[in-house]
**Student:** 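Could you have a look at this structure, given as structure tokens, before my questions?
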Protein chains: 2
Amino acid sequence: MNVKDLKYFVKLQELKSYSDTAHYFGVSQPTITYAVKRLETEYQTELIVRKSYANSVTLTHAGDQILAHAKKILREDHLMQKDLQRIRDSRIKMGFPPIITNYLVPLVFDQLRDNDLLSRIEPVRSGSKELLDKLYNGDIDIALLGTTRIPENGNFDFNIIKVHNFKIIASSERQFPKELKIRDLQNEDVLILDESSVHQLIVNNIIEKYNVFTNVIYQTSDYRLLLDLVKRNKGISLITETALQVVEGIQELNVVDETFPPFYIMLIYRSSLKAGPHTQKIIDIFSEL
Amino acid sequence: MNVKDLKYFVKLQELKSYSDTAHYFGVSQPTITYAVKRLETEYQTELIVRKSYANSVTLTHAGDQILAHAKKILREDHLMQKDLQRIRDSRIKMGFPPIITNYLVPLVFDQLRDNDLLSRIEPVRSGSKELLDKLYNGDIDIALLGTTRIPENGNFDFNIIKVHNFKIIASSERQFPKELKIRDLQNEDVLILDESSVHQLIVNNIIEKYNVFTNVIYQTSDYRLLLDLVKRNKGISLITETALQVVEGIQELNVVDETFPPFYIMLIYRSSLKAGPHTQKIIDIFSEL
DNA sequence: TTCACCTATAAATATTTTTTATTAATTATA
DNA sequence: TATAATTAATAAAAAATATTTATAGGTGAA
């Protein structure tokens, strides 16, 4: 069975036209007809309901089932191509989300340099969500990732490097009681990281749960800008302690009536990844932290 | 790219011999050589390290990566064949684990009969673990399943039908205090269901945690026999309430210092399953419980 | 009804895969 | 250590498979 036939079939189902599908692949129209026929012969079932004719490519139950499997096979085929292209070019594409990167990279810099890995890594800087997409699509080999939910869908393997906590922060200029409750912050202006990060999700949870944090006055994807604004007392914010390593002029508020989910800092990769020696070394270095 | 080449390649890696692989598939030896060459040409990399020669088929990193993807593709291909064979023969193979079956089937029997589904279902009776394997391997379409852990690996979809609890049971002949602790049962003889079920896992957990239930004197896979033995005061046991629907002569013990995980009764199927009308009706009937 | 457009089929052609036959390399063994 | 047996690679031929060209026949729109 040829993967090409599955490609034809999936596209045919999408375009609902033999001619268009043929044109899409730059082949003649009967090629598509025969490809479907081959599949039908191989599986001894009709895959397409042949009724009126024009632009009415409807799948049978069997066709529908083939389609589902075909898409999975084509995805795997696509991943294989991507992986092999990078192996061929001896490139290692690695995802670096901003906060985590600034926290972790100083800790492993020397080791990466001494093992001659710095030059081998092609960094892809992006938010955790986009990186997870890129990883899923085979666009990168491996990524650092910050998340509150451990991925459990079988597509990924990961090594948890650190478990951090979320903190509510405010400018040091402000005075707050030693212990306070979420509701005490009801009227504060709030600054948050934008949708590409998990932070917003957590802020959204808190907003839903306590009906507070309602006046989000500014969103940014730049956490350093966010910290600077908090420092200048433009508002309070919620952020991982990961981001607070060497920051002056900011205080952590001691909120006693709410616990936030843990923030997992992990190295994540497709479970089908076969790490080469360099990739393996990178994994080892980060995992030893 | 032809799936056949991947089959050759995976087998070659397994047998470490071109000739044996060729013999395995009933083709001539150069067929295998050329298949590997095709893959190497397609991916522009060496896949096999050609050193000394005889019986030393070692994969390169690229070969190793291809192997991982190839296995996934072949698995999907296999599932596709299995699924289509059953669609062709309009067979619906459904897994029925004993306890759950005896609890659920009476509740849906009339509906299944009235929708002419009883005759269409080919039942496969087995323990939950085996059924999950069979499901994974494409040997059945769908299964009833009792489990304490919700499957989260992306291979399966499921509908939770009921959530039951585990009970410690003893013969009605015995006298127990209204409330008791696990340790009070330290010296009791214990009867358990065997490894094909989740029950043993839970019993094992309790044994580990409390260092009790040590004298398991008998194991069986037949829960009715187990209940009968408990009734005849041969020992105590741990079992889902699912199994206790119409049982006389058995009491539930009120253990206050331990809570057991919930017992999920679900209908489970591969996420790639495209249900035909009959399968869909079955899913609907069970899901409405 | 005619025209434009679509899919199916047949036959020819092109491409790909497999085989046969052979070579060169390596191990086993006598 | 020579020789036989076994292994994988290659070349050329054959077989099998996929694609194209040409065409027919069916359908909906004008």
Side-chain angles (χ1 to χ4, degrees), chain A residues 1-60 62-63 66-67 70 73-74 77 80-81, chain B residues 1-60 62-63 66-67 70 73-74 77 80-81:
Chain A
M1 195 265 296
N2 207 308
V3 171
K4 215 194 279 173
D5 285 349
L6 295 181
K7 280 188 187 155
Y8 291 162
F9 183 71
V10 170
K11 202 72 192 176
L12 171 61
Q13 192 279 331
E14 199 181 313
L15 299 179
K16 309 269 180 221
S17 156
Y18 286 73
S19 321
D20 292 356
T21 305
H23 182 253
Y24 177 88
F25 287 106
V27 296
S28 68
Q29 168 265 311
T31 299
I32 308 301
T33 304
Y34 284 123
V36 172
K37 264 201 165 165
R38 276 194 295 275
L39 289 173
E40 290 187 324
T41 307
E42 180 159 11
Y43 295 105
Q44 301 163 61
T45 347
E46 294 242 302
L47 301 180
I48 288 178
V49 181
R50 267 150 261 248
K51 38 181 172 181
S52 50
Y53 93 128
N55 289 21
S56 103
V57 173
T58 315
L59 298 190
T60 62
I66 290 233
L67 184 71
I73 290 176
L74 294 184
D77 180 61
M80 180 154 68
Q81 288 185 26
Chain B
M1 197 264 296
N2 206 309
V3 172
K4 216 193 277 171
D5 285 349
L6 295 181
K7 280 188 185 154
Y8 291 162
F9 183 72
V10 170
K11 202 71 192 177
L12 171 62
Q13 193 279 331
E14 198 181 314
L15 300 179
K16 309 268 181 225
S17 155
Y18 286 72
S19 322
D20 291 356
T21 305
H23 183 253
Y24 177 89
F25 287 107
V27 297
S28 69
Q29 169 265 311
T31 300
I32 309 301
T33 303
Y34 284 121
V36 173
K37 265 204 166 166
R38 275 195 295 275
L39 290 173
E40 290 186 323
T41 307
E42 179 158 12
Y43 296 105
Q44 302 163 61
T45 345
E46 294 241 301
L47 301 180
I48 288 177
V49 180
R50 268 149 262 246
K51 39 180 174 182
S52 48
Y53 95 127
N55 288 22
S56 104
V57 173
T58 315
L59 299 191
T60 61
I66 290 234
L67 184 71
I73 290 177
L74 294 184
D77 181 61
M80 180 154 69
Q81 288 184 28

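A quick note: this is a predicted structure, and the numbers were derived from the prediction, not measured. Below, read A as the first sequence line, B as the second, and so on, with proteins coming before strands; counting in each chain starts at 1.
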**Student:** Can you check whether A:Glu46's main-chain N or O pairs, donor with acceptor, with A:Thr60's side chain at less than 3.5 Å?
**Tutor:**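 Yes; judged by distance alone, with no hydrogens or angles, the pair exists.
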
**Student:** Under 3.5 Å, side chain of B:Glu40 to main-chain N/O of B:Leu47, donor-acceptor pair present?
**Tutor:**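 Between the backbone of B:Leu47 and the side chain of B:Glu40 there is a qualifying donor-acceptor contact (under 3.5 Å).
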
**Student:** Under 4.0 Å, heavy atom to any atom of DNA chain C: which of residues 31-46 of chain B qualify?
**Tutor:**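 Contacts with DNA chain C under 4.0 Å: B:Thr31, B:Tyr34, B:Arg38.
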
**Student:** Which whole-number value in Å describes the distance from B:Tyr8 OH to C:dT17 C1'?
**Tutor:**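 Nearest whole value for this atom pair: 8 Å.
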
**Student:** Does A:Thr31 reach the main-chain N or O of A:Val27 with its side chain, forming a donor-acceptor pair under 3.5 Å?
**Tutor:**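 Not at all, since once roles are kept as given, no pair shorter than 3.5 Å links the two residues.
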
**Student:** In whole angstrom, give the distance that lies between atom NZ of A:Lys16 and atom P of C:dT7.
**Tutor:**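 In whole Å, C:dT7 P lies 12 Å from A:Lys16 NZ.
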
**Student:** Round to the nearest Å and state the distance from B:Met1 atom CE to C:dT16 atom P.
**Tutor:**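 So the two atoms are 15 Å apart, to the nearest Å.
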
**Student:** How about OH on B:Tyr24, more than 12 heavy atoms from neighbouring residues, nucleotides or ligands closer than 6.0 Å, or not?
**Tutor:**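 Check fails, neighbour count at 12 or below.
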
**Student:** Are any of A:Ser19's side-chain N or O atoms less than 4.0 Å away from OP1 or OP2 of C:dT7?
**Tutor:**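 Yes.
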
**Student:** Taking for each residue the nucleotide of DNA chain C with the nearest heavy atom, is it A:Lys4 or A:Leu12 whose nucleotide lies nearer the 5' end?
**Tutor:**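 Result of the comparison: A:Leu12.
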
**Student:** Quick check: closest heavy atoms across A:Val57 and A:Ser17, and the distance to 0.1 Å?
**Tutor:**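 So the minimum-distance heavy-atom pair works out to CG2-N, 4.1 Å.
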
**Student:** I want to confirm an ordering. Mapping A:Asp5 and A:Gln29 to their closest nucleotides on DNA chain D, which one lands closer to the 5' end?
**Tutor:**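 Final value for this comparison: A:Asp5.
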
**Student:** Using whole Å, report how far NE2 of B:His23 lies from P of C:dT19.
**Tutor:**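 Value for this atom pair: 13 Å.
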
**Student:** Using a heavy-atom cut-off of under 4.0 Å over every strand shown, decide if A:Phe25 touches base, sugar-phosphate, or nothing.
**Tutor:**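 Touches nothing.
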
**Student:** Between B:Thr58 and B:Ile48, is the side-chain contact (heavy atoms from CB on, under 4.5 Å) condition met? List the steps.
**Tutor:** CA-CA 6 Å; B:Thr58 315; B:Ile48 288 177; over 6 Å; no

**Student:** Phosphate oxygens OP1/OP2 of C:dT9: is one of them under 4.0 Å from a side-chain N or O of A:Tyr18?
**Tutor:**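 Answer is no, no contact under 4.0 Å.
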
